[in-house]
Amino acid sequence: MPQVRIIAKNFMDMVAALPELKLDKLYENTFICEAVLRSLPPLAKKYVLQLLFIDAPVTAKSMEEWVLADGLSKHRVAIDRLIQLRVFLETTESGALPREPMPSNITVRLPTLEELDVYALEQWELMDTNAQLWYIMREYISNSEDRGEDPADLISFLLELSFHATGQAYNLNTLIDVQMHTLKDLADLGLVKLQQGRKESWFIPTKLATNLSMSLTDSSARKEGFVVVETNFRLYAYSTSKLHSEILRLFARVEYQLPNLIVGAITKESLYNAFENGITAEQIISFLQQNAHPRVAERTPSVPENVTDQIRLWETDLNRVEITPAHFYDEFLSKDVFEGASDYARENGGLLWEDSKKMRLVVNAEMHAQMREYLRRQK
Amino acid sequence: MASVPSKLYSDDVSLVVVLLDTNPFLWTATATATTFTFPEFLAHVLSFLNSIILLNQLNQVVVIATGLNSCDYIFDSSAPSKVEPFESARMPLLYSRVLRRLEDFLGSDERSERSNGAAAAAAPSSLLSGSLSLALCYIQRVFRSGALHPQPRILCLQGSPDGPEQYVAVMNAIFSAQRSMVPIDSCVIGAQHSAFLQQASYITGGVYLKPPMLDGLFQYLSTIFATDLHSRSFLQLPKPVGVDFRASCFCHKKTIDMGYICSVCLSIFCKHHKKCSTCGSVFGQANPEAAAAATDRKRKAPEV
Amino acid sequence: MDPRFNVAEKRQLNGEEEEEEEDDENNMEAWERAYADERSWESLQEDESGLLRAIDSNALHHAQYRRRLRSLSTVSTATRIQKGLIRYLYVVIDFSRAASETDFKPSRMAVAAKHVEAFIREFFDQNPLSHIALITIRDGVAQCLTDLGGSPDSHIKALMGKLGCSGDSSLQNALDLVHGYLNQIPSYGHREVLILYSALSTCDPGDIMETIQKCKNSKIRCSVVGLSAEIYICRHLCQETGGTYTVAMDEAHMKELLLEHAPPPPAIAEFAVSNLIKMGFPQRAAEGVVSICSCHKEAKVGGGYTCPRCKARVCELPTECQICGLTLVSSPHLARSYHHLFPITPFNDVSPTLPNSHKLPRACFGCQQPLIQSGNKPGLRVACPNCNQHFCLDCDIYIHESLHNCPGCESQRNSKPVTGE
Amino acid sequence: MSSRQVVMRARYKQSVKDPGVPGILIMTEEKFVFTPDDPMSTVNLNVDFRQIKSHKFSKEGSNKQALLNLIQDSNVKGGSYIFEFDKFSDRDVCRDFVGKVLGKLQALQSAPKNPAINSERSDVQVHHEQISTTEMELRVKLLRENIELQKLHKQFVIGEILTEAEFWATRKKLLAGDNNKMPKQRVGLKSAMLAEGPLSDGRTNKVTFSLTPEIIQQIFTEKPAVHQAFLNFVVSGKMPEINFWTKYCRAEYLHRTKNAIAAAAEAAGDEELAIFLKRDDILVKEARRKIRRVDPTLDMEADQGDDYIHLPDHGILRDGTKETTESEYDEYRRSLLQDLNRHAAVVLEGKALDVGKGDTVTVAEALARSKQAELANEISEENANQERSERLARMAEIEDLQAPRNYPLAPLCIKDPREYFDSQQLNALKTLGDTVAATKPINSSLSTVQAYGFLRKFISDVKERGLVDPVVNPETAVKVLGGLTQQLSSAKYHLGSNPQESVLDRLPHRTKEELLHHWMSIQELLKHFWSSYPITTTYLHNKVSRLKDAMADIYTKLQGIKESVQSDFRHQVSLLVQPMLQALDAAFAHFDSEAQKRSARTGERPNGFV
């Protein structure tokens with residue numbers, strides 16, 4: 001969602017933002033090195049790799065030899081990034097000296113597990129989970145100093161966490177208490193799941209945690225969609241997930257639910273519920289679009305235009321009523337008094353409503369004084 | 001007919017299928033010839049595999065052994081496998097797994113060697129056609145896996161000479177790869193060039209390279225063959241040497257730039273024959289000039 | 001007394017009725033009609049656990065494919081047979097009134113055009129040495145859209161430019177026209193006509209039977225893909241000339257039927273005339289050579305090929321030399337067709353209910369996909385008769401339709417399917 | 001030899017001042033024809049050159065008009081024809097042509113029995129092509145629109161290297177344009193007409209039939225009686241056509257309403273009408289002869305016996321109601337089936353519509369004539385019918401009873417597929433600088449067992465000791481990277497600054513144009529050259545030699561360009577010219593070799609051409 005996009009570009013920006021010393025300190029940690037490597041743009045990755053065993057400075061020019069005409073911009077970006085992260089160090093003779101960011105032994109990770117996702121996702125509804133995650137982590141880290149923690153340590157711990165195999169149980173007592181403390185918070189965020197054993201206890205990283213190290217491209221978060229919305233506002237969700245059905249209920253009327261199919265309709269009422277809960281039309285639409293079933297995802301728009309438009313319209317409908325403080329006058333002595341009053345009000349552009357039969361007026365509050373003044377004069 | 005879903009979920013997420021030439025003669029031979037030994041080779045390749053996986057969490061590596069008598073899958077980074085209780089301090093999991101499977105494979109390969117006599121001794125070539133076919137099947141499966149899949153490419157680490165009997169099969173594989181837009185990179189580690197791979201890379205738009213300094217193999221791999229397809233559109237990689245697409249005739253085996261093709265079996269002859277030596281069909285129209293004339297008439301030649 | 005009234009009335013009544021019917025049509029919402037036409041509910045399916053899922057098109061597709069493969073192989077497996085590798089194919093598209101029917105969405109015409117494009121591409125992919133020409137039928141006459149040529153794009157461009165349909169259809173006129181052209185082509189070429197026929201009748205100037213005989217005598221193999229219903233005259237035509245007649249049930253089916261004509265057909269003994277064809281194998285021009293290519297009339301640096309006979313420069317192969325008309329190919333182009341000479345045998349179904357089915361391989365030899373269903377039951381699979389390796393259905397299709405190698409056989413030193421008879 | 005005609009756009013003017021009439025001037029050896037663009041215009045010249053005594057023309061100059069004035073022989077009749085041309089170049093073409101023609105004519109007049117010229121004239125006739133003016137105009141249009149084409153045309157046709165015919169023969173596509181160049185296809189008779197009922201507005205008693213020329217013609221072909229009647233009444237002028245058709249329609253109407261009694265009644269009253277109402281007796285006469293023609297699969301009447309036809313809603317009968325079967329009205333009854341049969345028969349006879357034959361009378365007469373002809377060759381058709389009916393008999397068989405009639409397929413046996421490898425791979429390797437043969441067996445003293453043993457030992461070593469670290473030592477790494485980079489940059493340089501910008505554009509405009517023009521002319525010539533082989537006629541022989549000479553002097557011109565261009569472009573130019581020269585050389589070589597072959601052959605073969 002917009003505000004998130006703006007702030008939390010990605011984790012590595014923060015790493016890059018760290019002072020040199022802290023950064024260099026981070027690089028002593030294998031995990032950080034790998035995380036950094038992964039966060040790089042494709043070209044940069046390649047450069048790092050190909051300079052891995054080069055210990056002498058390499059001239060920038062010789063690097064450019066490899067770049068095609070239309071690749072130059074990307075090339076620049078990559079190099080800048082590398083220098084920014086102090087992976088490359090510029091040396092006087094305008095070359096870049098690579099440092100070794102990667103010890104040659106790093107483990108292979110395992111695929112992630114369904115239920116953990118769900119567990120994690122329960123904390124995160126409509127918005128792009130990673131986006132929110134970064135949003136929060138960023139806050140968490142930036143005010144870590146206030147809590148008297150070293151952001152560098154924190155970062156390194158987070159990254160380390162991100163390289164733990166998802167769904168593997170790790171013993172808690174391997175951790176120092178700062179980390180323990182952090183871990184509790186993370187548990188609330190759904191990054192890890194704590195498990196109490198008889199005497200020992202473990203923590204289990206979820207997918208969110210392992211995603212930490214990935215830079216914030218939609219790609220990393222994107223998964224197969226499951227929702228089909230049709231021009232008649234009906235909505236079919238091919239999903240077994242409780243979570244999904246819950247999310248849908250937020251803004252759609254779920255009509256019936258088969259083992260792996262949720263059928264609902266987007267109605268004015270259902271949407272008003274959503275709006276009342278502070279969910280915006282944009283969020284709903286983008287949710288529908290992000291999770292469009294592959295079949296419909298091919299099409300553009302993946303969600304029928306008439307539906308998206310209607311959703312927006314209904315939202316604006318809410319803001320249609322405008323409130324004007326006013327005064328209500330009745331029990332006029334005579335017809336002509338009443339008409340005089342109403343004319344007066346009309347002339348001064350304060351008349352909001354009149355009922356000449358029952359002789360009633362509603363006049364803008366600003367005019368109340370004048371009205372009173374006028375009426376007194378009539379007497 | 002496989003049409004490739006172009007939608008990819010990240011620019012550089014790649015699937016690299018590595019075809020590893022495990023022809024024992026190759027290594028024993030080179031062991032005598034050059035200083036580059038099998039262990040070194042393994043070291044280079046393994047750390048290459050590792051770095052590929054390292055580059056992107058979603059990257060995927062599959063290793064297929066190209067044996068003398070058989071081909072088989074050696075390693076698949078996506079395959080679920082129970083975590084080993086302890087990881088040997090000496091090397092990461094990936095390495096040990098690959099090595100173990102490789103050992104097993106060699107065993108079975110040798111056994112099948114025995115089973116069908118000294119076939120291999122006769123033909124020193126490893127079964128490239130087999131491993132290529134396997135790789136392509138695997139890649140098709142990845143394509144089927146849905147709209148979101150890593151972008152696949154094949155890397156042949158080949159040292160054995162080409163096996164003539166595989167020609168048709170290899171060409172078929174190459175064309176199928178081309179059709180599904182899977183580039184075949186070739187890194188020739190043998191003593192001589194491979195015409196198979198040269199064509200493969202040229203036709204599928206991959207890179208063909210025969211590293212002059214084998215002890216720098218990793219450098220070649222990381223500099224050129226590690227480049228994901230996305231980046232290849234911005235980078236310049238070694239151009240394929242202009243492939244000579246002329247043919248040589250069946251009759252004298254000499255290269256020709258004009259010749260006669262049998263319309264039935266497409267065999268090539270440098271001069272006109274009465275009868276096709278390959279498929280034995282007798283050519284109805286004795287005079288090729290007449291045939292040529294026919295085509296001439298087909299061309300909008302001036303009628304007079 | 002006047003009878004005319006009744007007549008008139010009757011007619012009027014009919015008129016009204018018709019209109020009412022139309023109204024019914026219109027009453028449907030667009031989205032409703034979409035369902036009514038596509039009958040999408042038919043493609044709903046429950047798996048054993050009662051879960052709803054879109055129909056397993058895979059299994060169906062495979063089934064169809066098997067049927068096709070068998071029908072082909074019945075002839076081909078027994079003894080290896082010649083294929084028409086060098087084809088001269090006229091694609092005739094019926095753009096008569098009938099093609100504007102909308103039972104195919106958006107219309108027969110549009111769908112036909114779309115799939116003909118796909119077909120043309122596939123055709124040249126499979127028959128690099130062959131030629132195609134396009135013919136359309138409108139207003140009872142056939143018109144030549146493109147002449148025989150080897151470049152897919154030019155055909156497609158012409159076709160897309162000439163959409164729109166009207167008038168009657170005339171099979172005879174089309175056949176006459178084609179016959180006129182195909183009679184001139186060299187004898188070794190395989191003369192074929194592929195007709196996409198929408199109409200249910202043909203409005204001919206004369207006796208079509210004679211035309212059919214004419215085609216038969218000049219060895220033109222006519223095939224028809226019908227879009228509406230089977231028509232006697234079409235079947236007769238195909239029978240007489242050794243072609244095939246199929247009628248498409250829906251768009252997907254039509255696509256399949258079309259693509260069946262992409263691989264070269266088995267050569268009919270009495271039709272096949274073998275001959276030597278003069279061809280040139282141009283060399284790639286060395287880098288740095290500058291020359292004006294005869295196809296685009298612009299200076300090209302390096303690249304391109306030089307015609308060995310007249311030294312003209314052409315940009316890509318295969319092609320016919322602009323200047324001297326020599327057929328120019330590269331050896332890979334020939335190689336592309338080799339798999340037609342060495343087809344791989346179809347795989348056999350493996351019934352999962354074998355006595356010792358638990359011993360069956362657990363994964364597809366080709367792609368490693370598990371062949372075990374839930375509950376550890378062996379899943380659907382096929383086996384290669386030569387190497388006895390097991391494959392999943394997807395690989396089966398891929399292997400036979402694109403790869404043309406059996407990975408199992410290729411992964412064995414012995415039993416090369418390729419070598420010899 | 002000279003080109004046989006000149007076609008130019010020009011304005012014909014009465015006087016020099018006169019703005020003149022735009023049109024097309026076609027000059028042949030005998031005469032010149034001027035056809036104005038505006039068809040209304042009265043100016044239409046068709047003048048024999050013999051009437052022309054001499055010609056004048058205006059001086060070339062920017063502000064001057066390009067005029068050509070053909071002055072008539074005063075003793076035939078004075079006056080002159082003035083033509084203005086758009087360009088002087090056009091004018092000169094015509095002027096030269098006129099000059100030639102006049103020269104020739106004078107020569108003829110002076111010495112009518114001059115054998116040389118006669119022979120030349122005869123030679124002239126050989127390839128004189130007759131072309132319609134429309135064709136002409138099309139060509140002119142093309143020339144005007146396409147400057148390059150014009151250049152070529154001027155250079156070769158006017159330059160007498162190619163004849164008009166040859167020049168255009170290679171451009172059939174251009175000429176064809178949209179209209180397809182196949183013999184005009186005929187449209188079949190629509191069966192729709194039978195179904196079409198009368199149109200009736202429900203209110204009045206009016207019933208309207210619509211008769212188009214097609215329908216009328218179809219009526220004639222399908223209803224000989226009507227045709228006959230038409231000839232008798234209308235053509236002979238006994239009855240105005242309109243009446244005739246009204247009667248016809250009335251009859252039709254009665255038929256359609258199946259009102260046999262009414263029909264009978266009306267027929268009694270009106271003998272012309274009767275003709276339409278009664279069963280077509282000409283048909284009945286023909287029937288015996290015709291029935292042979294009728295495709296049994298199409299004989300609808302045949303299965304009228306089958307009772308399902310009489311089931312309600314069967315639909316073949318025009319209306320559901322049962323046929324009244326009083327025999328005396330039989331002849332006034334006509335079933336749809338008869339119509340259908342008749343229609344089928346006509347279609348099979350291959351009588352197609354050729355619309356635009358103008359008024360019905362001519363149509364009718366034409367048809368009558370064709371009928372006569374038909375009767376004449378009736379007998380000759382006998383056997384044709386014979387085999388047709390045989391074929392029909394075969395078709396009539398029930399599908400399922402027929403034997404599956406798929407053709408035997410041609411078997412294929414291929415000895416050794418390795419052949420294919422050898423044919424394609426050996427030289428592919430050569431280019432890679434491999435001197436060794438493709439499949440050099442790896443020289444290995446070891447047995448397979450040993451070999452495998454070694455390998456496995458290696459692996460176990462690695463497992464124990466781990467990998468060599470660092471995998472690559474920095475020096476090698478640097479060397480390799482440097483090497484690769486080097487290789488790349490060199491390749492880049494080789495490709496030139498950027499391949500997008502064409503070499504041509506860098507050249508000075510004049511040179512570029514010149515080169516392109518030469519290139520085009522070479523293409524043109526070469527096309528003609530190669531397409532003339534194999535040489536089978538004297539004509540081709542001459543043509544080829546003509547072409548060869550033309551190419552020869554372009555060759556020299558090209559050389560000239562190479563010299564002329566200033567030094568800094570010389571390289572590119574020579575690069576560009578090189579391929580053209582090669583192409584020409586190839587042609588020359590071919591020419592010579594062929595010539596030798598022929599001269600060799602002429603020994604045994606008298607005519608000398610194969």
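Values reported hereafter were calculated over all heavy atoms of this structure, with side chains retained and with hydrogens, waters and symmetry mates removed. Residue numbering restarts at 1 for every chain, and letters A, B, ... go by the order of the sequence lines.
- Closest non-hydrogen pair, B:Met213 versus D:Val480, comes out as CE-CG2, 3.6 Å.
- Note that CG of D:Leu455 and CD of B:Glu103 are 10.0 Å apart. Values are rounded to the nearest 0.5 Å.
- With a 4.5 angstrom heavy-atom cutoff, B:Leu237 touches chain D only via backbone atoms.
- Distance check: B:Asp215 CG to D:Lys479 NZ gives 7.0 Å after rounding to the nearest 0.5 Å.
- Taking CG from B:Leu99 and CZ from D:Phe458, the interatomic distance works out to 14.0 Å, rounded to the nearest 0.5 Å.
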Exercise. So B:Asp109 and D:Tyr452, side chain to side chain contact (heavy atoms under 4.5 Å, CB included) or not? Walk me through it.
Worked result: CA-CA 9 Å; B:Asp109 195 36; D:Tyr452 278 103; 2.8 Å; yes

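- Using a 4.5 Å cut-off between heavy atoms, D:Leu484 touches chain B through its side chain atoms alone.
- With rounding to the nearest 0.5 Å, the separation of CZ in D:Arg456 from CZ in B:Phe105 is 12.0 Å.
- There is no contact between B:Leu217 and chain D, counting heavy-atom distances below 4.5 Å.
- B:Ser277 touches chain D through its backbone: at least one of N, CA, C or O sits under 4.5 Å from a heavy atom, while the side chain does not.
- Among all heavy-atom pairs drawn from B:His44 and D:Val472, the shortest one is CE1-CG2, 3.8 Å.
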